[in-house]
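First the structure, in the form of structure tokens, and then the observations on it.
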Amino acid sequence: MLKFGVKSVLLGSAVYYTIDKGVWKDSATTAAIYDELEKGMSPYVGELKSQVPYELPALPSNDRISYLFKYYWNCGVKATFRFLVELPTHTSNAAFKTYDFISSSLETPEPHQEKDK
């Protein structure tokens with residue numbers, strides 16, 4: 001119960017913080033917040049680059065993030081509607097398989113006749 005409470009407090013704090021900073025307002029506000037985050041993180045990223053032996057990729061641009069968000073959102077919408085279109089087929093297939101399974105389970109097995117030796 002304590003673990004759930006701690007997770008709930010962390011989630012609530014994160015949601016409150018993002019709402020307070022304006023992440024969920026319009027896209028211009030969100031882009032400004034991303035730019036501010038990128039500027040704030042760049043000194044630490046530079047310091048981290050000198051400590052890490054391999055090259056880190058650059059932070060994605062706002063245009064790239066916007067494109068990726070739209071792309072994956074559209075993929076999710078398409079998959080949802082594809083599922084809804086195929087739902088009657090899946091439902092009828094499940095009903096037939098369930099009927100066949102139940103009917104085969106209810107059939108009485110034929111008794112085995114042992115032969116005399």
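Both backbone and side-chain heavy atoms feed into the values below; hydrogens, waters and symmetry mates do not.
Between atom CZ of residue F69 and atom OG1 of residue T30 there is a gap of 10.0 Å, rounded to the nearest 0.5 Å. For the atom pair CG (L87) and CZ (F81), the distance works out to 13.0 Å, reported to the nearest 0.5 Å. One finds the CE atom of M1 at 9.0 Å from the OG atom of S8 (value rounded to the nearest 0.5 Å). H90 NE2 to L84 CG: the interatomic distance, rounded to the nearest 0.5 Å, is 10.5 Å. Note that the NZ atom of K78 and the CH2 atom of W73 stand 14.0 Å from one another [nearest 0.5 Å]. Note that CZ of R82 is 9.0 Å distant from OG1 of T80, once rounded to the nearest 0.5 Å.
Cluster annotation: Y16 is not connected to L10 through the hydrophobic network of ILVMFWY side chains, with a link wherever side-chain heavy atoms come within less than 4.5 Å. L68 and I33 fall into different hydrophobic clusters, where Ile, Leu, Val, Met, Phe, Trp and Tyr side chains are chained together by heavy-atom contacts under 4.5 Å. Residues L11 and V9 fall into different hydrophobic clusters, defined by Ile, Leu, Val, Met, Phe, Trp and Tyr side chains chained together at heavy-atom separations under 4.5 Å.
Under the side-chain hydrogen bond (donor to acceptor under 3.5 Å, both in side chains) criterion, W24 pairs with T18, not counting sequence neighbours. N74 pairs by the side-chain hydrogen bond (donor to acceptor under 3.5 Å, both in side chains) definition with nothing, not counting sequence neighbours.
A donor-acceptor contact shorter than 3.5 Å links the side chain of S92 to the backbone of P88.
S66 and D63 share no side-chain donor-acceptor pair at under 3.5 Å.
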